[in-house]
Amino acid sequence: MEPEINAIIKSRLKKLEILYEKGIDPYPTDFKPTHNTKACLELLCDIEKKGLEKSEVIYSAGRITAIRKMGKAIFIDILDEVGKIQLLARNNTIDEETNELIELLDIGDWAGVIGPVFRTRRNEPTIQVNSIKLLSKSLKPLPEKWHGLKNVETRYRQRYLDLIANTEIREIVKQRDNIIFELRKFMKEKGFTEVETPILVPIPAGAMANPFKTYHNALDRELFLRIATELYLKRMVVGGIERVFEIGRLFRNEGIDSNHNPEFTTMESYEAYADYNDVMEMVENLFEQIILNVKGTHEIQYGDNKLNFKPPWTRLNLRETLKDKSGIDFNLCGDVDELKDKMSKMGIEVRNQLTWSGLMDKLISEKIEPDLIQPTFLTDYPREMSPLAKPSKENPNIVERFEGFIAGMEVCNAFTELNDPIDQRARFENQEKMREEFPEEEGDRLDEDFLIALEHGMPPTGGVGIGIDRMVMLILNQPSIREVITFPQLRSL
RNA sequence: GGGCCGGUAGCUCAGGGGUAGAGCAAAUGACUCUUAAUCAUUAGGUCGAGGGUUCGAAUCCCUCCCGGCUCACCA
């Protein structure tokens with residue numbers, strides 16, 4: 001960044017100089033708070049119960065967010081991770097060093113305070129300053145105290161300013177942590193083992209998405225950032241880790257909008273001996289428990305909608321629902337051109353280079369998904385669309401797969417996993433063929449190493465992938481994924 | 001990528017052909033219970049960038065950059 005020399009920064013650099021002249025280290029390391037701001041308030045309650053007016057001397061610290069000078073008395077607000085408290089420095093209670101230092105403090109500085117907690121005549125909990133220590137000198141001005149930081153671009157590019165100025169954003173960071181903590185707790189209580197699988201992979205398989213490419217020098221080979229954790233987690237199931245999950249980042253080289261970031265977090269889990277009905281139950285219980293523990297209720301507000309997470313979720317058979325909404329029965333409409341024709345007549349714009357499965361996906365997302373506001377499972381997808389899912393016993397053209405939708409957003413995707421290695425190879429080969437035929441479309445990739453693993457035998461397994469960012473958006477009522485990802489991807493300036 | 005909206009002081013925002021504005025923040029001064037402290041004074045600008053129209057452009061036109069919403073794409 002170019003050195004901006006405006007008056008504010010000049011004045012602060014000048015103060016820095018004076019500090020050095022006085023022998024005060026503006027970046028010391030030896031201050032240890034005994035009480036954060038919340039503990040100060042609790043301490044005050046305690047001593048007031050005992051009929052005392054002033055606590056013992058404590059050490060507290062935080063960022064200065066306001067300075068109100070009243071002549072020989074100065075009020076200073078400090079903000080720490082858990083809250084705010086005001087300091088009162090009066091000429092006759094502070095030591096000589098503090099008297100000199102206090103003139104050199106600015107809004108934005110980190111400061112430590114030493115003194116007793118008491119309550120002012122206006123009833124405000126306050127730390128009486130015996131002494132103040134500068135802990136870190138700030139050279140740049142903070143956003144405005146009253147209106148905060150509103151410029152969305154600055155909020156995303158300099159999230160630390162957003163965190164300082166807008167308490168709701170701190171709350172999102174904390175609540176996101178809570179949600180992931182509850183998610184992990186839920187999985188562990190169910191006996192799942194948390195693992196970490198490769199992010200750098202030789203074949204970006206396990207989903208249909210455009211990968212990021214990179215290169216490893218020593219191995220002299222191209223590598224990709226994973227687009228899914230699926231195939232590695234299944235390898236673990238093959239190896240006998242019967243309940244396994246991973247919470248981690250996936251990377252997809254695709255568009256950015258309020259529901260999509262190029263890197264995003266998912267939780268994928270695989271459970272031996274489960275099928276997709278078991279997984280549906282697990283997902284319902286998982287959402288219920290997390291929301292109950294984080295929000296204390298089954299019902300949450302998301303935008304204009306009140307969402308109810310009491311199980312069971314609505315289950316909609318995809319074929320029936322699609323017939324209702326579009327008149328198309330996918331079992332009787334296996335021809336690409338016929339499907340394309342029907343969709344065009346319905347007013348759905350369709351590109352030329354589109355596979356049957358691409359068309360079907362589009363049809364579903366236009367005709368069904370927007371209406372799925374309350375938590376809903378759409379079940380039993382066409383086999384063609386789901387190369388990793390196991391066919392249904394009744395109808396081999398259908399697979400045991402479901403997707404979960406909330407507020408019109410896809411939040412999870414799950415199947416009874418395909419564990420027949422010969423079928424799986426055929427499905428992959430079909431995907432490869434489609435990728436050749438329709439180069440513009442993403443298909444899943446054949447992962448030979450995974451096929452070999454399957455050939456060694458994977459137990460019957462049910463698996464699911466859940467989009468964590470979207471889950472956090474829903475629970476915290478945020479309209480954009482950029483509000484729940486602390487550092488969203490933006491163009492460079 | 002298309003459409004719409006936006007980018008003016010560190011921050012929040014006015015101003016939409018005729019000398020660049022306010023509040024907060026900053027500086028100086030007054031004030032020993034303030035909390036959006038108050039009062040007085042001062043300073044602070046490449047009006048996103050570049051081109052054009054005009055006697056004169058923050059303002060009108062064109063191109064570009066950045067962002068938001070939206071549509072398309074993308075599971």
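Below, all heavy atoms of this structure are taken into account, side chains as well, without hydrogens, waters or symmetry copies.
In this model, the phosphate group of G44(B) is not approached by any side-chain N or O of Lys10(A) to a distance below 4.0 Å at OP1 or OP2. OP1 or OP2 of A25(B) has at least one side-chain nitrogen or oxygen of Lys145(A) nearer than 4.0 Å. Distances shorter than 4.0 Å separate none of the side-chain N or O atoms of Arg252(A) from OP1 or OP2 on A75(B). Considering only side-chain N and O atoms, Ser11(A) lies under 4.0 angstrom from the phosphate OP1 or OP2 of A27(B). Residue Arg482(A) has a polar side-chain atom (N or O) positioned under 4.0 Å from OP1 or OP2 of G68(B).
Leu149(A) has its CG atom 14 Å from the C1' atom of C13(B), to the nearest Å. Between the P atom of U32(B) and the CD atom of Gln128(A) lies a distance of 17 Å, rounded to the nearest Å. For the pair Ile18(A) CD1 and A27(B) P, the computed distance is 11 Å after rounding to whole Å. As rounded to whole Å, 21 Å separates atom P of U32(B) from atom CD of Glu124(A). Distance CD (Glu144(A)) to C1' (A25(B)): 8 Å, rounded to an integer number of Å. Between Ile164(A) atom CD1 and C24(B) atom P the separation is 22 Å, expressed in whole Å. In this structure, the CD atom of Glu384(A) is 16 Å from the C1' atom of A75(B), given to the nearest Å. In this structure, CZ of Arg155(A) is placed 15 Å from C1' of C69(B), rounded to the nearest angstrom.
Ring geometry, Phe287(A) versus Phe309(A): the interplanar angle falls under 30°, so the pair is classed parallel (tilted spans 30 to 60°).
Put simply, the side chain of Arg401(A) and the base of A75(B) share a donor and an acceptor less than 3.5 Å apart.
Across all strands shown, Ile107(A) has heavy atoms under 4.0 Å from sugar-phosphate atoms exclusively, and none from any base. Here Asn210(A) lies out of heavy-atom contact (under 4.0 Å) with every strand. Backbone-only contact: Arg157(A) has heavy atoms under 4.0 Å from sugar-phosphate atoms and none from a base. Among the protein residues, Lys15(A) comes within range of the sugar-phosphate backbone only, with heavy atoms under 4.0 Å from sugar or phosphate atoms but none that close to a base. Using a 4.0 Å heavy-atom distance criterion, Ile256(A) is classed as making no nucleic acid contact. As judged by a 4.0 angstrom heavy-atom cut-off over every strand, Arg68(A) is placed among the base-contacting residues. Residue Lys362(A) is in sugar-phosphate contact alone, with no base atom involved, counting any heavy-atom pair closer than 4.0 Å across all strands shown.
Going from the P atom of U28(B) to that of C65(B) covers 44 Å, rounded to whole Å. Comparing the P positions of U41(B) and A22(B) gives an interatomic distance of 12 Å, to the nearest angstrom.
Under the 3.5 Å distance criterion, with hydrogens and angles disregarded, no donor-acceptor pair is assigned to the side chains of Glu97(A) and Asn99(A).
Under the 4.0 Å criterion applied to side-chain N and carboxylate O atoms, Glu246(A) and Arg249(A) are not assigned as salt-bridge partners. Under the 4.0 Å criterion applied to side-chain N and carboxylate O atoms, Arg176(A) and Asp469(A) are assigned as salt-bridge partners. Ion pairing of Glu100(A) with Lys22(A) is present here, as a side-chain N (NZ or NE/NH1/NH2) and a carboxylate O approach within less than 4.0 Å. Contact check on Glu366(A) versus Lys362(A) returns a salt bridge, with a Lys/Arg side-chain nitrogen under 4.0 Å from an Asp/Glu carboxylate oxygen.
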Go through the steps to decide whether Arg482(A) and Gln489(A) satisfy the test side chain to side chain donor-acceptor pair (under 3.5 Å), and finish with yes or no. CA-CA 8 Å; Arg482(A) 294 181 203 98; Gln489(A) 204 63 47; over 6 Å; no

Assess whether ring pair (Phe, Tyr, Trp, His ring centres under 6.0 Å) is satisfied between Phe377(A) and Phe402(A), documenting all intermediate values. CA-CA 6 Å; Phe377(A) 293 128; Phe402(A) 71 86; 4.7 Å; yes

For Glu230(A) and Tyr232(A), run side chain to side chain donor-acceptor pair (under 3.5 Å): C-alpha distance rounded to whole Å, both residues' side-chain angles, the deciding distance at 0.1 Å, then the answer. CA-CA 6 Å; Glu230(A) 177 148 359; Tyr232(A) 282 97; over 6 Å; no

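The nearest heavy atom of RNA chain B to Arg491(A) and to Met385(A) marks one nucleotide each, and the one closer to the 5' end goes with Arg491(A). Mapping Pro141(A) and Met70(A) onto RNA chain B by nearest heavy atom places Pro141(A) at the nucleotide closer to the 5' end.
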Quick one: the dot-bracket string of RNA chain B, using Watson-Crick and G-U wobble pairs with both distances under 3.5 Å, [ ] for crossing pairs and | for bases paired to another strand. ((((((((.[[[[.)..(..]]]].(((((.......))))).....[[[[[..)....]]]]])))))))....

